[in-house]
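Scroll down for the structure; my scribbles are underneath it.
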Protein chains: 2
Amino acid sequence: MTVNNRKKYHHGDLRNALLEAGLGIIETDGVSGLSLRALAAKVGVSHTAPKNHFGSMKGLMTAIGAEGFRRFAAEMRAGLSTASSRMDKLRAAAEGYVRFAQAHPELFRIMFSPEYCDFKSEDVQSAAQDSYSVLVDISKGLDWDKADTPDAQWRTEIMLWSLVHGYATLLNSGQIDDDASGMPVPSIWEVFPEYSYRGEN
Amino acid sequence: MTVNNRKKYHHGDLRNALLEAGLGIIETDGVSGLSLRALAAKVGVSHTAPKNHFGSMKGLMTAIGAEGFRRFAAEMRAGLSTASSRMDKLRAAAEGYVRFAQAHPELFRIMFSPEYCDFKSEDVQSAAQDSYSVLVDISKGLDWDKADTPDAQWRTEIMLWSLVHGYATLLNSGQIDDDASGMPVPSIWEVFPEYSYRGEN
DNA sequence: AGACAAATCTTTCCAATGGAAATATTTTAG
DNA sequence: CTAAAATATTTCCATTGGAAAGATTTGTCT
């Protein structure tokens with residue numbers, strides 16, 4: 001069945017087109033620029049069309065957030081393959097995390113704001129879980145607390161995540177800036193405590 | 001001049017009354033429940049009254065955010081006086097940070113969201129600076145990287161802040177939860193790397 | 001005291017928004 | 001080929017932030 005891309009009466013792929021257009025609006029105008037009507041206008045449909053596809057504004061935001069998490073995971077994994085040592089992988093993932101947050105601050109904000117992105121959504125949950133699994137892999141074997149128990153592993157994951165996420169969030173909200181004496185903002189890597197992997201230092 | 005608290009024609013203290021009512025609405029109904037009209041109704045004035053006092057919705061949010069930072073600083077300082085050792089002070093401040101975030105999640109969100117709270121405001125800036133100074137004091141002398149330079153100090157501040165802020169943010173956004181095997185969420189203290197103060201371990 | 005200016009607050013109006021409800025159009029199924 | 005399901009539109013509504021102009025109170029200056 002050939003796809004007729006000329007003035008389809010039912011468009012054929014409205015949902016994806018809306019998603020794409022929504023992501024575009026967010027990049028250019030931010031979250032505040034995204035309305036059902038602006039989105040519909042950009043795609044050339046009525047303002048209730050997106051509502052049909054996503055149920056509500058929150059539904060749209062949730063779908064966008066899920067797509068955000070997929071791209072987020074990809075960004076973190078980007079440098080992972082070329083990294084040789086585990087420390088390099090840790091560095092690559094952490095830098096990917098921050099890089100994505102800085103490159104797409106509005107999308108990142110949606111992803112981590114429950115009032116926008118509904119975390120109970122299957123779509124979001126699986127995509128977010130996949131993102132998180134990157135951190136889990138990376139933190140496995142980190143000897144932060146010299147222990148090798150599930151308990152210690154769990155705490156290490158959360159510490160790692162908190163550290164990177166807090167850094168990215170504070171950067172994006174404009175809270176971190178050069179200090180009074182002109183000291184430059186340290187990179188995420190400089191902010192890390194001294195880590196090493198068990199048996200690899 | 002005695003204060004006539006009965007049906008003032010010009011109310012006398014509308015700005016503070018609006019602030020108080022606004023904080024109340026945020027506690028009970030969250031940010032989404034706060035509108036100029038709902039706020040005005042609660043105080044018994046027209047919906048343009050708050051606009052006169054705060055310029056705009058964002059102006060109102062900014063004023064609320066500033067008040068939030070003042071209460072935030074107080075919360076962090078609360079346990080500081082009774083703490084004897086510096087480690088206890090560190091613990092008290094960090095726990096105060098997280099406790100405030102969890103007790104007032106919506107207010108906390110406003111404080112750290114530039115789209116709500118305008119950080120260029122003098123009011124916000126001084127209050128936020130005062131909050132930050134708690135962390136600065138606490139992190140002074142922490143031997144994380146064994147150095148005693150302004151540079152290392154600056155990095156330590158940001159690490160400490162990122163860690164605590166990320167943890168609080170992830171908690172509030174519902175991202176951190178008991179893990180698959182039922183492992184409980186570690187406290188902020190358990191998430192901390194092994195810290196000590198120079199010459200005090 | 002009186003008058004003019006400044007502030008405070010209200011009334012009225014408007015455009016934009018998310019959403020509900022009903023209808024029209026196209027596709028699919030039997 | 002027809003009924004049912006899906007997709008999309010039109011129309012309507014309540015709510016919201018804000019602009020503009022007017023009313024009321026307070027302050028100041030002579």
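What you are looking at is a predicted structure, and each value in this text was computed from that prediction instead of being measured. Both backbone and side-chain heavy atoms feed into the values below; hydrogens, waters and symmetry mates do not.
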Whole-Å distance between [N] [atom2] and [X] [atom1]?
| X | N | atom1 | atom2 | value |
| --- | --- | --- | --- | --- |
| B:L14 | C:dA7 | CG | C1' | 12 Å |
| B:N16 | C:dT8 | CG | P | 13 Å |
| A:N52 | C:dT26 | CG | C1' | 14 Å |
| A:L18 | D:dT9 | CG | C1' | 14 Å |
| A:L39 | C:dT17 | CG | P | 12 Å |
| A:M61 | C:dG18 | CE | C1' | 12 Å |

Within residues 107-121 of chain A, the residues having a heavy atom closer than 4.0 Å to DNA chain C are none
Is B:D123 paired with B:R70 through a side-chain N to carboxylate O contact shorter than 4.0 Å? yes
Salt-bridge criterion met for B:R86 and B:D137 (N-O under 4.0 Å): no
Relative to the ring of B:F192, is the ring of B:W189 parallel (under 30°), tilted (30 to 60°) or perpendicular (over 60°)? tilted
Aromatic plane relationship, A:F108 with A:H165 - under 30° parallel, 30 to 60° tilted, over 60° perpendicular: tilted
Distances under 3.5 Å between protein N/O atoms and the N/O atoms of nucleotides 16-20 of chain D, please, pair by pair.
unit_1, atom_1, unit_2, atom_2, d
D:dG17, OP1, B:L36, N, 3.4
D:dG17, OP2, B:L36, N, 3.0
D:dG17, N7, B:R37, NH1, 2.4
D:dG17, O6, B:R37, NH1, 3.2
D:dG18, OP2, B:M57, N, 2.8
D:dG18, N7, B:H47, NE2, 3.1
D:dG18, O6, B:H47, NE2, 2.8
D:dA19, OP2, B:K51, NZ, 2.4

Under 3.5 Å, is there a donor on one side chain and an acceptor on the other for B:Y132 and A:Q175? no
The ring pair (Phe, Tyr, Trp, His ring centres under 6.0 Å) partners of B:Y195 (sequence neighbours excluded) come to none
Evaluate the criterion side chain to side chain contact (heavy atoms under 4.5 Å, CB included) for residue pair B:F100 and B:R71; output intermediate values, then yes/no. CA-CA 9 Å; B:F100 183 90; B:R71 299 182 180 190; 3.9 Å; yes
Is the centre of the A:F69 ring less than 6.0 Å from the centre of the A:F112 ring? yes
